[in-house]
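The analysis underlying the following values was restricted to heavy atoms, covering all of them including side chains, and did not include hydrogens, waters or symmetry mates.
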Amino acid sequence: MAIFWPLKTTLKQVLFLAIFANCFVAFVALPANAQKTATKVSADQAEGHNSATLPAMHVARTQFFGQIRLEGMDYLTKLPDTPQLNQSQFLSARMSFLRESEKFNYAADVAAGTFFSKRQSNFFVNEAYMSYNSASVKVYGGRKKIEWSEIDRRWQLGLWQPRQALDTLRPEEQGLVGVFLDHTSDDFQILGFASPIFIPSMGPEIRQEGGSLVSDSRWYRQPSSSFDFNNRRNTISYELDIPDAEKLVSNPGGALMARVGNKERGGWLVSSAGYKPVNDLILRRKIFKAISKDQVDVTVSPAVNYHQIVSVDAGYSFEAMRVSASYIEDKPDEVRPERDWAIQKIQPMQAYSAALDFSMDNIFSRSLAFQLGYLKVEGGKIEDILNDGSVDDITLFDQRMKFTNTVSTRVEGQLARFFRSPLVTRFKYLYDLEQKGSLLSTEFLYYPSQK
């Protein structure tokens with residue numbers, strides 16, 4: 001299972017200010033009569049593509065997108081021990097803008113959300129960057145989303161780019177932070193990335209409470225509270241130790257991506273490779289046991305681990321249909337802990353995926369979009385090891401991925417119109433063949449005004 005670890009509020013504020021400062025000058029410099037479009041943020045920004053193929057513009061142009069969203073969620077499977085997590089209400093707000101000119105572009109995508117609880121409220125910077133256009137290369141600086149791998153984006157694996165998962169049922173990708181050099185044409189692209197810092201995935205807050213590690217998230221799996229040792233039952237008391245923010249952030253990384261063909265038509269091939277920190281922090285723990293007591297005191301602390309990552313996507317795009325196949329693998333470095341400590345050892349993993357996307361028009365005067373997909377994950381186990389490399393008797397979490405052998409289908413389209421405004425429905429069904437469990441999600445969205 002993927003592990004999301006909370007960072008201190010001070011670190012989040014520092015990261016927010018540092019990244020958003022890149023775009024603040026552009027925002028305040030917008031002319032008063034800048035035309036704000038009522039359309040969604042450009043497909044390049046929303047899907048992680050680059051916009052180097054846009055025609056040169058001699059007049060600055062601004063695109064703006066704002067959204068306020070109120071959701072009510074009711075889960076079919078009930079949790080008798082925590083009935084407060086069977087239903088939830090979620091309020092979120094999002095703002096995105098893209099400022100384009102002949103040489104310089106500025107963009108930001110920021111969001112905030114709350115489950116009406118202080119512990120489950122946060123803000124996020126999904127993207128915030130500026131770019132310079134030269135004759136053949138586009139240079140980006142800041143936080144930017146790139147579609148490094150289709151399997152990683154589609155299945156939200158979080159191997160390439162970190163995720164924000166305040167709502168773990170619907171995590172959202174966030175960009176890597178650094179410098180991007182991009183050369184793009186219709187049928188070819190090569191992109192390089194380098195960064196001196198690292199921002200991990202962020203999820204629901206985990207806190208220490210009564211000797212346990214707990215969270216207000218329905219999707220958090222609490223570590224074991226006891227274990228057997230020498231035919232005696234021992235209870236575990238946990239304590240958190242969060243290291244300095246500088247130690248977590250000061251970790252460089254780099255990557256390279258190449259594309260041949262046009263993903264909008266005909267055949268195409270994309271390959272990416274990189275060496276960077278694993279987006280989900282691993283856990284270190286120190287154990288102290290008093291011989292006279294049936295209790296074990298465990299100090300838990302997050303740490304950074306590196307991995308090599310390679311992915312390949314291939315597909316063919318027709319007018320209203322696209323078929324694709326994807327592969328991704330990572331090889332984490334083995335980190336040995338200090339004496340008297342244990343640390344998570346992440347096993348290498350490989351994932352395969354196949355997908356079919358198609359759209360159908362004029363179905364009862366409506367258009368529908370369909371997605372079919374299959375995912376297979378091999379490896380990815382987690383073991384806790386000691387200083388000498390041997391496996392410890394205790395493992396806090398044993399799996400990196402939520403899904404391992406999964407089929408999914410998704411349908412999205414306009415269900416009806418009320419007062420000349422669309423009612424849109426999204427339906428998604430997922431079934432994991434190994435866990436023999438299913439996930440059903442349905443959304444109804446009404447837009448009173450698209451302005």
After noting the C-alpha distance and the side-chain angles of Val110 and Phe123, does the key distance pass the side-chain contact (heavy atoms from CB on, under 4.5 Å) rule? CA-CA 8 Å; Val110 298; Phe123 58 80; over 6 Å; no
Donor-acceptor check, side chain of Gln208 to backbone of Leu240, threshold 3.5 angstrom: yes or no? yes
Name all residues meeting the side chain to side chain donor-acceptor pair (under 3.5 Å) criterion together with Lys376; count only those two or more places apart in sequence or in a different chain, and write none if there are none. Glu434
Across all chains, not counting sequence neighbours, the side chain to side chain contact (heavy atoms under 4.5 Å, CB included) partners of Leu439 are Leu169, Trp219, Phe403, Leu430
Residues which pass side chain to side chain contact (heavy atoms under 4.5 Å, CB included) with Gln156, listed by chain and number, not counting sequence neighbours: Arg163, Pro171, Glu173
Which residues pass the side chain to side chain donor-acceptor pair (under 3.5 Å) test with Arg265, sequence neighbours left out? none
Taking only residues two or more places apart in sequence, or in another chain, which ones meet Lys78 in a side chain to side chain contact (heavy atoms under 4.5 Å, CB included)? Asp74, Asn86
Is a side-chain N or O of Asn105 found less than 3.5 angstrom from the main chain of Ser101, in a donor-acceptor match? yes
Acceptor/donor pairs from residues 349-359 side chains to any protein atom, 3.5 angstrom cut, sequence neighbours excluded:
unit_1: Ser353; atom_1: OG; unit_2: Trp155; atom_2: NE1; d: 3.1
unit_1: Ser353; atom_1: OG; unit_2: Tyr374; atom_2: O; d: 3.1
unit_1: Asp357; atom_1: OD1; unit_2: Arg154; atom_2: NH2; d: 2.8
unit_1: Asp357; atom_1: OD2; unit_2: Arg154; atom_2: NH1; d: 3.4
unit_1: Asp357; atom_1: OD2; unit_2: Gln371; atom_2: NE2; d: 3.3

Tell me which pairs pass salt bridge (Lys or Arg N to Asp or Glu O under 4.0 Å) where either residue lies in residues 406-415, with sequence neighbours left out. Arg410-Glu412, Glu412-Arg426
Working to the nearest 0.5 Å, report the span between CD of Gln63 and CZ of Arg99. 12.0 Å
Identify the heavy atoms of Gly142 and Phe180 that sit nearest to each other, and give their distance. O-CE1, 3.8 Å
So that I can tick it off, tell me whether Lys263 and Glu147 are bridged by a salt bridge, with the cut-off set at under 4.0 angstrom between side-chain N and carboxylate O. yes
Flag yes if more than 12 heavy atoms outside Leu440 fall under 6.0 Å of its CG atom; otherwise flag no. yes
Show the numbers, then the answer: is there a side-chain contact (heavy atoms from CB on, under 4.5 Å) between Asn305 and Ile346? CA-CA 9 Å; Asn305 190 22; Ile346 304 176; 4.0 Å; yes
Between Asp333 and Tyr275, is any side-chain donor less than 3.5 angstrom from a side-chain acceptor? yes
Counting distance only, does the side-chain N/O of Ser272 pair as donor-acceptor with the main-chain N or O of Trp148 below 3.5 Å? yes
Sub-3.5 Å donor-acceptor pair from the side chain of Asp244 to the main-chain atoms of Lys247, do we have one? no
Checking Gln164 against Asn126 for the side chain to side chain donor-acceptor pair (under 3.5 Å) test, could you report, in this order, the C-alpha distance in whole Å, the side-chain angles of both residues, the deciding distance, and whether it holds? CA-CA 8 Å; Gln164 64 89 352; Asn126 299 319; 4.6 Å; no
Would you confirm whether Arg143, through its side chain, and Val125, through its main-chain N or O, come within 3.5 Å as a donor-acceptor pair? yes
Are side-chain N/O atoms of Thr406 and Asp432 paired as donor and acceptor at under 3.5 Å? yes
Could you tell me whether a side-chain N or O of Asn279 sits under 3.5 Å from a main-chain N or O of Leu159, the two making a donor and an acceptor? yes
Between Asp182 and Gln189, is a side-chain contact (heavy atoms from CB on, under 4.5 Å) present by the stated rule, with each step listed? CA-CA 7 Å; Asp182 180 22; Gln189 178 184 11; 3.2 Å; yes
Is there a donor-acceptor contact under 3.5 Å from the side chain of Gln347 to the main chain of Gly380? no
Side chain to side chain donor-acceptor pair (under 3.5 Å) involving Tyr316 - partner list, sequence neighbours excluded: none
Give every residue pair that meets the salt bridge (Lys or Arg N to Asp or Glu O under 4.0 Å) criterion with at least one member in residues 302-328, sequence neighbours excluded. Glu150-Arg322
Which residues share a salt bridge (charged side-chain N to carboxylate O under 4.0 Å, His left out) with Glu378, sequence neighbours left out: none
Minimum heavy-atom distance Gly253-Pro277, with the two atoms named: CA-CD, 4.5 Å
Find the distance between CD1 (Ile343) and CG (Asp392) and round it off to the nearest 0.5 Å. 12.5 Å
side-chain contact (heavy atoms from CB on, under 4.5 Å) between Val411 and Lys428: does it pass, once the steps are laid out? CA-CA 7 Å; Val411 182; Lys428 183 176 181 180; over 6 Å; no
Would you call Leu248 and Val304 a side-chain contact if the rule is heavy atoms closer than 4.5 Å? yes
Determine, for Lys381 against Asp398, whether the closest basic-nitrogen to carboxylate-oxygen distance falls under 4.0 angstrom. no
For Ser88, which residues count as a side chain to side chain donor-acceptor pair (under 3.5 Å) partner, sequence neighbours excluded? none
Do any N or O atoms from the side chain of Ser301 and from the backbone of Asp241 form a donor-acceptor pair under 3.5 angstrom? yes
Only counting residues at least two apart or in another chain, list the ones meeting side chain to side chain contact (heavy atoms under 4.5 Å, CB included) with Val298. Ile236, Tyr238, Arg285, Ile287, Val296, Val300
Nearest heavy atoms of Arg400 and Val278, plus distance in Å: NH2-CG1, 4.4 Å
Please assess Tyr129 against Glu127 for the test side chain to side chain donor-acceptor pair (under 3.5 Å), listing each intermediate value before the final yes or no. CA-CA 7 Å; Tyr129 64 87; Glu127 285 190 295; 4.9 Å; no
Please determine, by modelled atom types, if Asp152 and Gln161 share a side-chain donor-acceptor pair under 3.5 angstrom. no
